[in-house]
Structures are given as C-alpha cells and as structure tokens.
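For reference, the structure discussed in these notes is given below.
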Amino acid sequence: MERVTRAFVVGHPIAHSRSPLIHGHWLAEHGISGTYERIDVAPEGFSDFVRGLPAAGFAGGNVTIPHKEAAFRLADALTPRAEKIGAVNTLVVGPDGRIRGDNTDAPGFIAHLDQSLGADWPEAAGGTALILGAGGAARAIVVGLAERGVSRILIANRTRGRAEALVALEPTRARSVAWADLPRLLPESGLLVNTTSLGMAGQPALDLDLGALPKRAAVADIVYVPLETPLLAAARARGLAAVDGLGMLLHQAVPGFEAWFGRRPQVTEALRARIVADLAPR
C-alpha cells in the first residue's frame with residue numbers, strides 16, 4: 001500500500017487560506033499521493049498541536065496568523081533565516097521526530113520579484129528599496145532584500161520605533177526614515193514595497209503620490225485581495241512596473257512542498273490563474 005504523505009496549514013481562523021489550492025494543484029500535477037489540509041487551532045492549543053505532529057504522521061506544514069512567532073519558539077531547530085526574522089511559517093518533521101522551523105516569506109518575495117522584474121532588478125532599482133510598514137512581513141522582506149544584495153533599505157512606519165527594530169536585522173544596509181519624509185525619499189527609491197494593510201479590501205487606500213518615483217522604479221504590494229490595489233493601479237498609470245502580492249504567496253509555498261513531498265514545484269501561469277479565479281467575488 002502506497003504511503004500517503006500528509007501536510008497542513010494551521011492558523012486561527014483558517015477557512016480563508018488558499019494554501020490547500022496551491023499544494024493540491026502541485027500534488028495533482030506531479031501525481032503524488034499526498035494530502036494537504038486546513039487545520040484551525042486556537043492559540044492555547046498550538047503548543048500541543050506542534051508537539052503532536054510526529055505522532056500524527058505529518059511531514060510538516062505551513063503556519064499562518066496568529067501562530068508564526070509561537071512556531072518560532074516551539075521548533076526544535078531553526079534555519080538561519082528564520083532565526084534572524086524571528087518567525088516561522090514552515091515546519092518540517094524530520095525522520096527522528098525533530099521539528100525544523102523555516103521562514104520562506106523572504107525567498108518567496110524575492111523569487112516573485114525575480115520572476116516579475118527579471119534577474120537584474122536590484123541594479124535597475126539603483127540599490128535602494130523603500131519599505132512601508134514594520135510588521136512581520138516587513139521583517140521577512142528586509143532580510144530577503146539584503147540576501148539578494150540590495151545595498152540600501154529604507155524603512156518607514158508611522159510608529160518610528162517599530163521601524164528602528166527592523167534596522168537591527170540588517171544594520172549595515174537598513175535605516176529608519178520618518179513617514180513624513182516619504183515625498184523626499186521617493187526620487188531616490190528604485191523599489192517601493194507596501195507591507196501595510198492599506199489598500200486591502202475593507203481598508204483605506206495608501207495615500208501616496210508616486211509622481212516623484214524614478215521612471216525605472218518598481219512598486220510592489222504584498223496585499224492580494226484585491227489583486228490590483230489602488231497603489232498598484234497608480235503605479236501602472238504612471239508606466240511603472242507593478243508587482244502584486246499573489247506571487248509572494250505562491251512562491252513562499254515552493255520550499256515547503258519540496259521538503260514534504262520531495263519534488264520542487266514551479267509557479268506557473270496555470271497555478272496563478274487557478275488562485276485568481278478563486279479570489280474573484282462570487
């Protein structure tokens with residue numbers, strides 16, 4: 001009897017997660033006998049859930065809100081990237097039952113930029129990226145940009161102390177800037193990344209005039225509902241390269257699938273179209 005490899009995504013709530021669609025697509029594409037399921041676990045039950053993974057027969061899984069920092073604390077071992085970011089979104093159960101924690105948001109974001117903008121985008125960006133927001137996604141993106149060789153990372157957050165905390169991740173490359181200084185900083189920014197919830201469905205739009213960005217600049221938004229945020233629409237209207245948030249979701253899933261199921265999947269137009277169709281209002 002063929003062994004069925006089991007993986008999951010855990011969060012609270014979890015019904016909205018598109019991860020089962022992504023991994024289900026790859027399982028079918030590669031003809032793999034495996035499952036990937038949504039599991040809703042409240043914070044008070046998360047420690048027992050993680051400790052029970054080997055006995056439950058899981059190869060691992062993804063971790064989403066609100067458990068990423070708890071997963072960081074509970075993992076038996078951490079990748080250097082996860083250790084630096086301070087959060088885990090991917091768990092892998094080893095043959096010995098030990099649980100390794102990784103953070104694939106950073107390489108997922110960078111892989112999407114590479115696919116969308118071409119491999120030379122760091123040079124085209126002039127070496128300067130401007131990050132809006134200082135939450136968990138921003139932490140991963142700062143680390144990813146530094147790994148990719150971006151030499152100057154500016155971090156703007158309305159509460160400047162939170163931006164200062166991110167500077168500590170890459171002190172030789174990153175610095176915090178005042179939100180009020182954004183208009184002055186745009187002309188020197190080759191990549192603008194919105195990691196805030198502004199522009200998300202149900203949230204106000206990000207009020208920022210992109211007119212001062214260089215013509216070669218690219219604008220990225222980690223929001224994917226809606227797929228085209230007001231910020232990205234404004235970027236396209238100016239003729240700038242616009243990178244939506246869906247690609248980060250798709251690319252961050254690749255390392256986990258490879259670790260659990262033994263095949264490295266590709267982010268294709270067919271996969272993207274499937275998720276876009278699922279995001280469409282019903």
Side-chain angles (χ1 to χ4, degrees), residues 5-27 34-76 78-79 81-82 85-93 99-109 112 133-141 144 195-197 200-203 221-227 245-261 265 267 271 274-276 278-279:
T5 302
R6 299 175 67 205
F8 61 85
V9 58
V10 60
H12 184 69
I14 198 60
H16 65 284
S17 174
R18 267 77 185 190
S19 291
L21 274 179
I22 298 169
H23 291 278
H25 177 92
W26 286 332
L27 286 169
T35 66
Y36 185 97
E37 59 196 86
R38 294 181 182 91
I39 303 177
D40 192 320
V41 176
E44 56 270 23
F46 186 67
S47 177
D48 288 344
F49 171 78
V50 171
R51 292 295 169 223
L53 290 176
F58 282 109
N62 289 121
V63 180
T64 189
I65 295 171
H67 300 315
K68 290 185 180 184
E69 291 182 3
F72 172 83
R73 295 189 297 270
L74 291 166
D76 297 313
L78 296 165
T79 63
R81 181 186 295 116
I85 294 170
V88 158
N89 76 333
T90 303
L91 296 172
V92 179
V93 180
I99 299 169
R100 176 172 58 88
D102 193 9
N103 190 305
T104 64
D105 286 333
F109 178 74
H112 184 38
R139 291 181 66 84
I141 286 168
T195 74
T196 75
S197 61
M200 185 183 293
Q203 297 290 325
D221 201 325
I222 68 163
V223 171
Y224 60 87
V225 179
L227 199 55
L246 180 56
M248 180 178 176
L249 174 70
L250 301 177
H251 283 279
Q252 65 78 31
V254 169
F257 187 93
E258 182 178 23
W260 309 318
F261 299 111
V267 175
L271 172 61
R274 184 170 182 181
I275 305 305
V276 168
D278 187 68
L279 292 171

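As the structure is a prediction and not an experimental result, all values here were calculated from the model.
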Worksheet item: Which pairs count as salt bridge (charged side-chain N to carboxylate O under 4.0 Å, His left out) when at least one residue sits in residues 8-21, sequence neighbours excluded?
Response: R18-D278
Item to complete: For the pair D102 (side chain) and T104 (backbone), establish whether a donor and an acceptor sit closer than 3.5 Å, ignoring hydrogens and angles.
Response: no
Item to complete: With rounding to the nearest 0.5 Å, note down the distance linking CZ in R6 to CZ in F261.
Response: 10.5 Å
Worksheet item: What is the minimum heavy-atom distance between G133 and A138, and which atoms define it?
Response: O-CB, 3.5 Å
Worksheet item: So do the side chains of I39 and F58 get within less than 4.5 Å of each other, counting heavy atoms only?
Response: yes
Fill in: Residue pair I222 / A137: nearest heavy atoms and the distance that separates them
CD1-CB, 3.5 Å
Discussion item. Donor-acceptor check, side chain of N62 to backbone of N89, threshold 3.5 angstrom: yes or no?
Written reply: yes
Item to complete: Could you tell me whether the side chain of H12 reaches within less than 4.5 Å of the side chain of D40, counting heavy atoms only?
Response: yes
Discussion item. Could you check whether any side-chain heavy atom of L250 comes within less than 4.5 Å of a side-chain heavy atom of H112, counting everything from C-beta outward?
Written reply: no
Worksheet item: Of the non-hydrogen atoms in A75 and G101, which two are nearest, and what is the gap between them?
Response: CB-N, 3.8 Å
Worksheet, complete the sentence: Smallest heavy-atom separation, R38 atom then P20 atom, equals CG-CG, 3.5 Å
Worksheet item: Do T90 and T79 pass the side-chain contact (heavy atoms from CB on, under 4.5 Å) test, and can you show the C-alpha distance, the side-chain angles, and the key distance before you say yes or no?
Response: CA-CA 10 Å; T90 303; T79 63; over 6 Å; no
Discussion item. Counting only heavy atoms not in E258 (residues, nucleotides, ligands), do more than 12 fall under 6.0 Å from its CD?
Written reply: yes
Discussion item. Quick one, P43 and H67 - any side-chain contact, counting heavy atoms below 4.5 Å?
Written reply: yes
Item to complete: Using a 4.5 Å cut-off on heavy atoms from C-beta on, say whether the side chain of D105 contacts that of K68.
Response: yes
Discussion item. If you define the side chain from C-beta out and look only at heavy atoms, does anything of V9 sit under 4.5 Å from H23?
Written reply: no
Worksheet item: Just wondering, more than 12 heavy atoms not from L279 lying within 6.0 Å of its CG?
Response: yes
Fill in: Non-hydrogen atoms of I14 and G11 that approach each other most closely
CD1-N, 3.6 Å
Fill in: N103 side chain reached by V88 side chain, heavy atoms, under 4.5 Å
no
Fill in: Nearest heavy-atom neighbours spanning I22 and A253
CG2-CB, 4.0 Å
Let me have the donor-acceptor pairs involving side chains of residues 46-53, under 3.5 Å, with sequence neighbours excluded, atom names and distances please.
unit_1 : atom_1 : unit_2 : atom_2 : d
R51    : NH1    : L74    : O      : 3.2
R51    : NH2    : L74    : O      : 2.9

Worksheet item: Side chain of R139, backbone of I85: donor and acceptor closer than 3.5 Å?
Response: yes
Discussion item. For a 4.5 angstrom cut-off between non-hydrogen side-chain atoms, does Y36 reach W260?
Written reply: yes
Worksheet item: Is it true that a side-chain atom of D76 and a backbone atom of I99 form a donor plus acceptor pair closer than 3.5 Å?
Response: yes
